[in-house]
Amino acid sequence: MFVGHYSVAFAVKSEQNKIPLWVLFVAVQFLDYIWATFVLFGIEKLRVIKGFTAGSMLDAYYMPYSHSLIAAIVWSAVAGAIYKAVWDGKTSNAVLVGLAVFSHWILDFIAHPRDLAIYDNTWKVGLGFWNYRGLEFGLEVALLAGGIILYLARNAVSAVRKKAVIGFGLALTLVQIGDTFVPRTPLSDRATALGVWIFYTLFVGFAFLLEKIGSRRQINALWS
């Protein structure tokens with residue numbers, strides 16, 4: 001699962017909770033940020049194998065500290081607590097951020113082969129949608145589109161920001177097309193992990209800029 005994770009970020013953001021979209025973009029990929037860091041330091045293990053599955057080259061065969069079910073629950077609680085402590089202090093919003101973090105494990109469970117441990121590195125699960133390239137790609141795009149539709153319905157956005165959000169969604173779809181269908185040479189484990197940090201952070205930056213588009217006065221007028 002790749003851009004489908006961002007569907008949760010778009011869907012969770014509303015005028016009521018006012019959680020910044022960029023924060024939710026970090027949240028939905030928080031487990032992967034931890035995973036990439038652990039891979040860079042040799043704590044968790046990754047092989048990048050061409051043709052490993054139809055939709056992904058990633059054989060993440062050892063990631064108990066970032067992607068086991070127990071670890072995902074712990075990291076979700078940590079993220080929610082951090083948000084409450086440093087952002088708006090609202091328990092309801094902290095819960096939403098924690099759930100956004102945990103959604104990553106749920107969506108990975110759908111996409112991944114059996115590489116998600118329940119505890120430590122045992123009892124591995126995964127539905128394996130990565131083995132069905134077209135089906136998994138369709139799921140990614142459908143989730144992203146659904147999340148964007150909810151975002152536009154639940155938030156006051158100017159016409160220019162609406163166009164920017166849709167454009168960003170199309171750009172993410174193109175990224176997914178490249179990731180799923182374009183042949184490429186496998187990178188090393190560390191290069192892959194570094195790429196996660198770079199590209200995910202770029203997407204966070206774009207999410208931050210999206211919510212700067214359109215004047216506050218225009219948005220207030222829509223809700224007055």
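Source: prediction; values computed, not measured.
Between A100 and V8, the closest heavy-atom pair is CA-CG1, 4.2 Å. Shown here for P20 and K13, the closest heavy-atom pair between the two residues is CA-NZ, 4.5 Å. Nearest heavy atoms, G80 versus A94: O-CB, 3.3 Å.
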Passes side chain to side chain donor-acceptor pair (under 3.5 Å), N17 versus S14? Steps please.
-> CA-CA 6 Å; N17 60 54; S14 73; 3.0 Å; yes
Can you check side chain to side chain contact (heavy atoms under 4.5 Å, CB included) on K212 and R161, steps first, answer last?
-> CA-CA 8 Å; K212 298 298 182 183; R161 189 194 299 178; over 6 Å; no
Please walk me through it: do T201 and Y33 pass side chain to side chain donor-acceptor pair (under 3.5 Å)?
-> CA-CA 9 Å; T201 304; Y33 273 114; 3.1 Å; yes
Give the C-alpha distance, both sets of side-chain angles, the deciding distance and a yes or no for side chain to side chain contact (heavy atoms under 4.5 Å, CB included) between I118 and V125.
-> CA-CA 7 Å; I118 299 299; V125 297; 4.1 Å; yes
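By the salt bridge (Lys or Arg N to Asp or Glu O under 4.0 Å) test, D179 pairs with R184, sequence neighbours left out. Residues meeting the side-chain hydrogen bond (donor to acceptor under 3.5 Å, both in side chains) test with K124, sequence neighbours left out: N121. For F52, there are no ring pair (Phe, Tyr, Trp, His ring centres under 6.0 Å) partners at least two apart in sequence or on another chain. For the salt bridge (Lys or Arg N to Asp or Glu O under 4.0 Å) test, residues two or more places apart in sequence or in another chain that qualify with D59 are R47.
Taking 4.5 Å as the limit, some side-chain heavy atom of L139 sits within range of a side-chain heavy atom of I110. At a threshold of 4.5 Å between non-hydrogen side-chain atoms, the residues M57 and I49 do not count as touching. In this structure, the side chains of L21 and F25 come closer than 4.5 Å at one or more pairs of heavy atoms. When side chains are defined from C-beta on, Q29 counts as touching H104, because their heavy atoms get closer than 4.5 Å. Taking the side chain as every heavy atom from C-beta outward, W87 and I19 never approach each other to under 4.5 Å. You'll find the side chain of V101 reaches within 4.5 Å of the side chain of L31, heavy atoms only. Between L116 and L69 the shortest side-chain heavy-atom distance does not fall below 4.5 Å.
Between the side chains of Y61 and D115, no donor N or O sits under 3.5 Å from an acceptor N or O. A side-chain donor-acceptor contact under 3.5 Å links D108 and H5. At a cut-off of 3.5 Å, with distance as the only test, a side-chain donor of W197 or T37 sits close to an acceptor on the other residue.
If you take CG on L194 and CD1 on I198, they are separated by 4.0 Å, rounding to the nearest 0.5 Å. To the nearest 0.5 Å, atom OG of residue S7 and atom CD1 of residue I148 are 9.0 Å apart. One finds the OG1 atom of T192 at 6.5 Å from the CG atom of L58 (value rounded to the nearest 0.5 Å). One finds the CD1 atom of I34 at 12.5 Å from the CE atom of M63 (value rounded to the nearest 0.5 Å). For the atom pair F2 CZ and L107 CG, the distance stands at 14.0 Å (nearest 0.5 Å). Here the straight-line distance linking atom CG of L96 with atom OH of Y83 works out to 9.0 Å at 0.5 Å rounding.
A salt bridge does not link E136 with R133: every distance from a Lys NZ or Arg NE/NH1/NH2 to an Asp or Glu carboxylate oxygen is 4.0 Å or more.
Residue pairs meeting the side chain to side chain donor-acceptor pair (under 3.5 Å) criterion with at least one partner in residues 91-103, sequence neighbours excluded, are K84-T91, D88-N93. Residue pairs meeting the ring-ring contact (aromatic ring centres under 6.0 Å, His included) criterion with at least one member in residues 130-154, sequence neighbours excluded, are F10-Y151, H112-W130, F137-F181.
D189 places no side-chain N or O within 3.5 Å of a backbone atom of V48 that could act as its donor or acceptor partner. Of the possible donor and acceptor atoms, one in the side chain of W75 sits under 3.5 Å from a partner among the backbone N and O of Y65. E140 places a side-chain N or O within donor-acceptor distance of the main-chain N or O of G4, the cut-off being under 3.5 Å. In this structure, N155 contributes its side chain and L152 its backbone to no donor-acceptor pair below 3.5 Å. S76 places a side-chain N or O within donor-acceptor distance of the main-chain N or O of F102, the cut-off being under 3.5 Å.
Residues I177 and V175 do not share a hydrophobic cluster, clusters being chains of Ile/Leu/Val/Met/Phe/Trp/Tyr side chains in contact below 4.5 Å. Linking Ile, Leu, Val, Met, Phe, Trp and Tyr whenever their side-chain heavy atoms come within less than 4.5 Å leaves V78 and L99 in two separate clusters. Under the 4.5 Å side-chain heavy-atom criterion for Ile, Leu, Val, Met, Phe, Trp and Tyr, L174 and L172 are members of distinct hydrophobic clusters. Linking Ile, Leu, Val, Met, Phe, Trp and Tyr whenever their side-chain heavy atoms come within less than 4.5 Å puts V204 and V86 in one cluster. One hydrophobic cluster, built from ILVMFWY side chains closer than 4.5 Å, holds both V74 and V28.
The one candidate from Y62, W35, F38 that meets the side chain to side chain contact (heavy atoms under 4.5 Å, CB included) condition with I43 is F38.
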